[in-house]
Enquirer: 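Dropping a structure here in structure tokens format, bear with me for questions.
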Amino acid sequence: MTAVVFVHGTGVREPGLSALVARVTAGLAGQCDGLRVVPYAWGAVHGATLAAGGASLPPRSGATRGIGEGPSGPLPGDEAAGAWAALYTDPLAELALAAAASGPAVERPPGTVPPQQRIRALLTALAARGDEPGAEAGPGLARAAADLAAHPLLGPAAEALDPADLAILAARSLTARLVADALDADSPLVPVAETRDAVTDRIAEALGAPPGGTERGLRSVLLRTAGAVAARAVERRRRAITEAAHPAAGDILRYLSRGSACRDGLRALVAGLEPPVALVGHSLGGVIALDTLISAPLPQVRLLVTAGSQGPFLYESGSLPSLEHPAPLPPHVPAWLNLYDPRDLLGHVGAGLFPGRVTDVAVDSGQPFPAAHSAYWTNPAVYRHITDRLP
């Protein structure tokens, strides 16, 4: 009877582990009789925990106030930070809201300059100045100003707002695009709020707003809605978010820094099994299985299966504990089936790194990332590929 040792991925704990193992057992049994599934529940013993109950988390706003002081509100700038976060996602968000509030076009007296004509002319003039007025927030102002001048939202927004308020919203839109582009490019230099706001003021004045700061006149549409709500929600949920996410992120960091005990535990489990044995690992579980097999021979193991695993990436990047690129895969490592979903951004391929030693097979769940990373064990194709190669 073949023993299949299933090595789970990051963040898996009870009761989820039992449900996962039951699903894997049923999936394999549906393809092949006479298999014994043995889970390696490494997370319960070797996984990450917040050992001090979350003492590393910064206190919530007001949590550090002195004795006798009343509860404080959000940190200074929280509302603005939340609004800018929305603008970094969609730099046109405020202009779109303003445009949506505009009424039907009105007939103007002869000789009157339409509001959109004025703002388009100012944006064109700003574009002609190049990137210098917004350089502290990043490159691209000239292109962004030219794009905004031609954007269809500008006309209805100009009808809904007075020129000074429109200048402010257009300036915020342009600055948000510069910062968003820097974030998209993974720039290590993103301006602090003071610099961002100074750039926005400078652009607003170039577009016809009077001096005095970008919050004068019209108060930000987003500050009245998404900004304040989002900032407070994130603050309230930080501990819950961290406690929910830390097993996954913490498991990876803990394994890469102190993984020997985890590998020893898997080795001891396999040593007590009769051959033939197959190691099947998901995500970090695949890394643990691969590392364990590389470290020293396990003659009982005749097949390694990894699904949605980062082993090849860690090897290529010099982060796999047991083997450093370009060292070859040791001869004692058994046949290796590597399953990956093309939409799973955490799944990697190994055939190009270990020619002739790894068989990469794509399995498409039809799910986007990150759902694709958790859909392997509900995909019948996964079980077919595994059972076709079992010893």
Side-chain angles (χ1 to χ4, degrees), residues 57-65 72-98 119 122-123 125-127 129-145 147-148 157 161-238:
L57 300 178
R60 290 177 57 185
S61 299
T64 56
R65 59 183 180 272
S72 68
L75 292 172
D78 269 357
E79 288 189 353
W84 280 103
L87 282 173
Y88 298 154
T89 300
D90 179 7
L92 296 169
E94 284 186 304
L95 290 170
L97 288 172
I119 189 65
L122 289 167
L123 284 165
L126 178 63
R129 294 172 58 185
D131 290 349
E132 188 277 330
E136 294 165 283
L141 176 62
R143 182 183 67 253
D147 289 347
L148 185 57
L161 302 171
D162 69 51
D165 290 340
L166 178 61
I168 294 168
L169 261 64
R172 280 202 289 256
S173 175
L174 292 173
T175 304
R177 177 167 167 182
L178 298 183
V179 177
D181 287 348
L183 294 172
D184 287 344
D186 289 328
S187 171
L189 297 173
V190 173
V192 296
E194 183 178 0
T195 301
R196 176 203 63 205
D197 294 345
V199 168
T200 306
D201 281 346
R202 190 156 57 244
I203 294 173
E205 290 177 25
L207 297 179
T214 55
E215 294 306 320
R216 64 204 176 285
L218 177 75
R219 182 164 160 76
S220 167
V221 175
L222 291 177
L223 282 177
R224 292 203 302 266
T225 55
V229 174
R232 288 169 183 155
V234 168
E235 182 188 4
R236 287 195 302 269
R237 294 184 60 213
R238 174 166 184 170

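In this text the structure is predicted, and so the values were computed from the model without any measurement. Any value given below was found using the heavy atoms of this structure, including those in side chains, with hydrogens, waters and symmetry copies removed.
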Enquirer: Not counting sequence neighbours, which residues clear side-chain contact (heavy atoms from CB on, under 4.5 Å) with Ala127? List them please.
Expert: Ala145, Ala146
Enquirer: Do Asp197 and Thr175 pass the side chain to side chain contact (heavy atoms under 4.5 Å, CB included) test, and can you show the C-alpha distance, the side-chain angles, and the key distance before you say yes or no?
Expert: CA-CA 9 Å; Asp197 294 345; Thr175 304; over 6 Å; no
Enquirer: What is the minimum heavy-atom distance between Ala167 and Ala204, and which atoms define it?
Expert: CB-O, 3.8 Å
Enquirer: Show the nearest heavy-atom pair for residues Leu141 and Pro133, with the distance to one decimal.
Expert: CD2-CB, 3.7 Å
Enquirer: For residues Val199 and Gly134, report the shortest heavy-atom separation together with the two atoms involved.
Expert: CG1-CA, 3.8 Å
Enquirer: Give the intermediate values and the outcome of side chain to side chain contact (heavy atoms under 4.5 Å, CB included) for residues Leu123 and Leu174.
Expert: CA-CA 10 Å; Leu123 284 165; Leu174 292 173; 3.9 Å; yes
Enquirer: What heavy-atom pair brings Pro191 and Val179 nearest, and what distance separates the two atoms?
Expert: CG-CG2, 4.2 Å
Enquirer: State whether the side chain of Thr200 and the backbone N or O of Arg196 hold a donor-acceptor pair below 3.5 Å, judged by distance alone.
Expert: yes
Enquirer: Locate the shortest heavy-atom distance separating Pro139 from Leu178; write the atom from each residue and the value.
Expert: O-CD2, 3.4 Å
Enquirer: Return the minimal non-hydrogen interatomic distance between Leu207 and Leu122, and the atom names on each side.
Expert: O-CD1, 3.1 Å
Enquirer: At what distance, to the nearest 0.5 angstrom, does CD1 of Ile168 lie from CG of Asp201?
Expert: 8.5 Å
Enquirer: Does the pair Arg177 and Asp147 meet the rule for a side chain to side chain contact (heavy atoms under 4.5 Å, CB included), with working shown?
Expert: CA-CA 11 Å; Arg177 177 167 167 182; Asp147 289 347; 2.9 Å; yes
Enquirer: I want to check something: taking the side chain as every heavy atom from C-beta on, are Glu205 and Pro211 in contact at a cut-off of under 4.5 Å?
Expert: yes
Enquirer: Taking it one step at a time, do Leu166 and Leu95 satisfy side chain to side chain contact (heavy atoms under 4.5 Å, CB included)?
Expert: CA-CA 8 Å; Leu166 178 61; Leu95 290 170; 4.0 Å; yes
Enquirer: What pairs with Arg143 under salt bridge (Lys or Arg N to Asp or Glu O under 4.0 Å), at least two apart in sequence or on another chain?
Expert: Asp181
Enquirer: What residues form a side-chain contact (heavy atoms from CB on, under 4.5 Å) with Ala176, not counting sequence neighbours?
Expert: Trp84, Leu87, Tyr88, Pro91
